Amino acid sequence: MTPAALAARGWGWRHAGRPDWALRGVDLEVAAGERVLLLGASGAGKSTLLRAFAAVLGDDEGEDDGRLLVDGRDAHDARGRVGLVMQAPDSNIVLERVGDDVAFGCENLRVPPAEIGGRVREALDAVGLRVALDRSTSALSGGQQQRLAIAGVLAMRPGAVLLDEPTANLDPAGVEEVRDAVLAATAGATLLVVEHRVAVWRDSVDRVVVLQPGGGVLADGDPDEVLRARGDELRAAGVWVPGSVPRAPRTPLTDGEALLVADGLAVGRSGAAVQTDLRATVRSGGALAVLGPNGAGKTTFAHTLAGLLPPVAGAVRAEAVLAGGLRPAPIRWRSRELLTRIGCVFQQPEHQFLAPDVRRELAIGPRALRLPDAEVARRVDELLDRLGLAALAEANPFTLSGGEQRRLSVATALAAAPRVLVVDEPTFGQDARTWGALVDLFRGLLDAGTGLVAVTHDEDFTRAIGADRLEIGAVA
């Protein structure tokens with residue numbers, strides 16, 4: 001397929017129910033075959049712009065201004081020319097089996113059936129997703145789902161490929177593997193990539209474009225020139241400028257009081273173990289980073305530790321200081337008993353949203369604890385301010401950017417003030433500024449005696465919170 005040209009002419013978007021525009025007056029020309037890295041602060045409208053070019057923003061989701069063009073035509077009239085991988089991996093999944101899901105786009109584009117099988121296998125090989133074609137898509141880890149989503153778009157061979165945080169949930173080796181696969185598979189096509197970690201793509205793109213929250217284009221040009229000449233301005237806007245120094249490392253704490261212990265633990269789902277003989281101790285004021293490749297069972301371990309999944313073998317034991325008179329196995333606790341003891345932040349933030357606006361979402365936990373209204377309001381207001389969500393207090397959680405949703409999901413767990421916090425990929429989708437705010441928040445929790453468990457691929461974060469490391473190996 002020939003490469004597609006993209007253009008924005010004074011384009012803007014305002015989400016339904018919000019007074020301010022997410023984007024306004026965006027003027028952008030992307031030539032056919034050009035590779036562009038799209039940057040900007042969390043909430044600057046990067047994902048919104050990609051979705052609009054792919055014509056998947058519904059009229060009921062908000063209002064637009066200006067024009068978006070694909071090959072000179074309105075974007076809505078050019079479906080099939082643009083392939084989009086959205087930020088949340090499971091938002092891209094349509095069918096139950098891996099092979100069927102990758103084939104779905106090809107089938108809709110009426111690719112000859114005899115050709116589809118080869119495209120499916122080629123795309124899966126390119127992104128390194130080495131699982132059976134009949135593997136359940138719901139059984140994949142978040143990182144594997146990310147690879148699946150990219151494979152589905154690559155198999156379509158569109159004229160323009162739009163990728164929203166394509167490496168956010170991948171292990172370090174997977175970041176380079178998937179980036180190189182995308183570059184090879186999209187040779188000749190137009191590529192528009194949203195990422196916060198600039199260094200991953202800087203040497204592989206022709207241009208860098210930086211969006212300004214609520215406005216248009218802040219910077220546009222050669223990657224090295226933009227990042228060098230306007231580095232200070234971009235840092236102030238939250239852009240991860242290569243060479244920026246993250247938070248200084250925190251010294252790991254080794255003598256805190258034991259709160260939660262995993263002893264000879266085997267974890268899995270439906271009684272089938274994916275990892276065995278895991279041992280770890282979560283201490284008051286201590287952090288534990290759970291590391292390992294995609295699909296190794298890190299999330300399963302975290303959910304078992306948090307009392308959401310039963311151990312396959314071995315035990316998770318809450319010490320008396322955490323259990324507070326309850327039985328020592330968290331899996332036996334009721335949800336209200338878990339609230340103040342072990343909070344859990346899921347890998348996909350939207351999986352834990354229940355309320356129609358951010359403020360009421362944050363109030364759910366405190367109200368379940370039957371706290372006085374004044375205390376509920378105090379906790380909610382404090383979290384809104386600390387995590388940069390005050391301006392979004394009345395917004396629907398599902399209209400937030402991926403980075404904003406992540407901060408909200410962390411805040412919902414913190415609202416109940418648990419003694420142990422289990423977080424899955426806590427820093428994905430964050431710009432440099434909000435990343436630093438999250439690090440400061442977690443450091444404050446640790447200093448106050450909270451025990452923290454973080455499933456993460458973010459080595460900077462692991463060092464910044466002074467975490468002990470639990471390495472989980474690949475599943476054979």
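Model, not experiment: these values are computed from the prediction. Starting from 1, each residue takes its place in the sequence as its number.
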- Message: Test salt bridge (charged side-chain N to carboxylate O under 4.0 Å, His left out) on Asp101 and Arg135; report intermediate values, then the result.
- Response: CA-CA 11 Å; Asp101 195 73; Arg135 177 76 177 273; over 6 Å; no

- Message: I'd like to know whether Asp424 forms a side-chain hydrogen bond (donor to acceptor under 3.5 Å, both in side chains) with Thr299, so could you lay out the CA-CA distance, the side-chain angles of the two residues, the decisive distance to 0.1 Å, and finally the verdict.
- Response: CA-CA 7 Å; Asp424 199 343; Thr299 295; 2.6 Å; yes

- Thr48 and Leu57: side chain to side chain contact (heavy atoms under 4.5 Å, CB included), yes or no, with the steps? CA-CA 8 Å; Thr48 299; Leu57 278 179; 3.9 Å; yes

- Let me see the working for Arg386 and Leu441 under side chain to side chain contact (heavy atoms under 4.5 Å, CB included), right down to the final yes or no. CA-CA 8 Å; Arg386 291 187 71 181; Leu441 174 68; 3.1 Å; yes

- Task: Using the salt bridge (charged side-chain N to carboxylate O under 4.0 Å, His left out) rule, take Glu122 and Arg157 through it: C-alpha gap first, then chi angles, then the decisive distance, then the call.
- Result: CA-CA 12 Å; Glu122 180 181 317; Arg157 300 176 184 172; 3.5 Å; yes

- Message: salt bridge (charged side-chain N to carboxylate O under 4.0 Å, His left out), that's the test. Do Glu29 and Arg9 meet it? Break it down for me.
- Response: CA-CA 9 Å; Glu29 301 279 344; Arg9 307 278 169 79; 2.9 Å; yes

- Item | Phe428/His457 under ring pair (Phe, Tyr, Trp, His ring centres under 6.0 Å): CA gap, chis, key distance, verdict | CA-CA 9 Å; Phe428 94 84; His457 295 301; over 10 Å; no

- Taking it one step at a time, do Arg14 and Asp20 satisfy salt bridge (charged side-chain N to carboxylate O under 4.0 Å, His left out)? CA-CA 7 Å; Arg14 179 164 58 188; Asp20 299 323; over 6 Å; no

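Proximity of a side-chain donor or acceptor of Glu361 to a complementary backbone N or O of Ala355 within less than 3.5 Å is detected. At least one donor-acceptor pair under 3.5 Å links the side chain of Arg35 to the backbone N or O of Leu183. Put simply, the side chain of Thr190 gets close to the backbone of Gly33: a donor and an acceptor are under 3.5 Å apart. Not a single donor-acceptor pair under 3.5 Å links the side chain of Asp71 to the backbone N or O of Arg73. Not one N or O on the side chain of Arg250 forms a donor-acceptor pair closer than 3.5 Å with the backbone of Ala467. At least one donor-acceptor pair closer than 3.5 Å links the side chain of Lys298 to the backbone N or O of Gly292. In this structure, Asp357 contributes its side chain and Ala395 its backbone to no donor-acceptor pair below 3.5 Å. Using a distance-only test at 3.5 Å, with no hydrogens or angles considered, a donor-acceptor pair links the side chain of Arg81 to the main chain of Thr2. The backbone N or O of Gly216 lies less than 3.5 Å from no partner atom in the side chain of Arg24, so there is not a single donor-acceptor pair. Side chain of Thr186 to main chain of Ala189: no donor-acceptor pair is present (N/O by atom type, distance under 3.5 Å, no hydrogens or angles).
Leu28 contributes atom CG, which lies 9.5 Å from atom CG of Leu68 (distance to the nearest 0.5 angstrom). Expressed to the nearest 0.5 Å, how far OG1 of Thr399 lies from CD of Glu404 amounts to 8.0 Å. To the nearest 0.5 Å, atoms CG (Leu408) and CG (Leu387) are separated by 9.0 Å. In this structure, Leu140 CG and Asn294 CG are separated by 10.5 Å, a value rounded to the nearest 0.5 Å. For the atom pair CG (Leu84) and CZ (Arg51), the distance works out to 8.0 Å, reported to the nearest 0.5 Å. One distance of note links OG1 of Thr427 with CG of Asp460; it measures 9.0 Å at 0.5 Å rounding.
Checking Gln430, Arg463, Arg197 one by one against Asp458, the side chain to side chain donor-acceptor pair (under 3.5 Å) holds for a single residue, Arg197. With respect to Phe301, the side-chain contact (heavy atoms from CB on, under 4.5 Å) criterion is satisfied by exactly one of Val422, Leu309, Ile472, Val274: Ile472.
No more than 12 heavy atoms of other residues, nucleotides or ligands shown are found within 6.0 angstrom of CD on Glu96. Within a 6.0 Å radius of CZ in Arg235, more than 12 heavy atoms belonging to other residues, nucleotides or ligands are found.
Thr300 pairs by the side chain to side chain donor-acceptor pair (under 3.5 Å) definition with nothing, not counting sequence neighbours. The side chain to side chain donor-acceptor pair (under 3.5 Å) check on Arg119 picks up Glu115, with sequence neighbours excluded.
Between Arg247 and Asp440 there is a salt bridge, since at least one side-chain N of the basic residue sits less than 4.0 Å from a carboxylate O of the acidic one. A salt bridge links Arg207 with Asp220; the closest basic N to acidic carboxylate O contact falls under 4.0 Å. We find that Asp381 and Arg359 are joined by a salt bridge, their nearest charged nitrogen and carboxylate oxygen being less than 4.0 Å apart. Arg230 has a carboxylate O that lies under 4.0 Å from a charged side-chain N of Glu233, or vice versa, which qualifies the two as a salt bridge. Using a 4.0 Å cut-off between charged nitrogen and carboxylate oxygen, Arg147 and Glu177 count as a salt-bridge pair.
Between Trp13 and Trp11, the ring-plane angle classifies as parallel under the 30° and 60° cut-offs.
Using a 4.5 Å heavy-atom threshold, the side chains of Val205 and Pro223 count as touching. In this structure, the side chains of Leu470 and Val453 stay at 4.5 Å or more apart for every pair of heavy atoms. Contact annotation: the side chain of Thr137 approaches that of Leu148 to within less than 4.5 Å [non-hydrogen atoms, C-beta and beyond]. The closest side-chain heavy-atom distance from Pro166 to Trp201 is below 4.5 Å.
A pairwise comparison of heavy atoms in Asp431 and Gly238 identifies CB-O, 3.0 Å as the closest pair.
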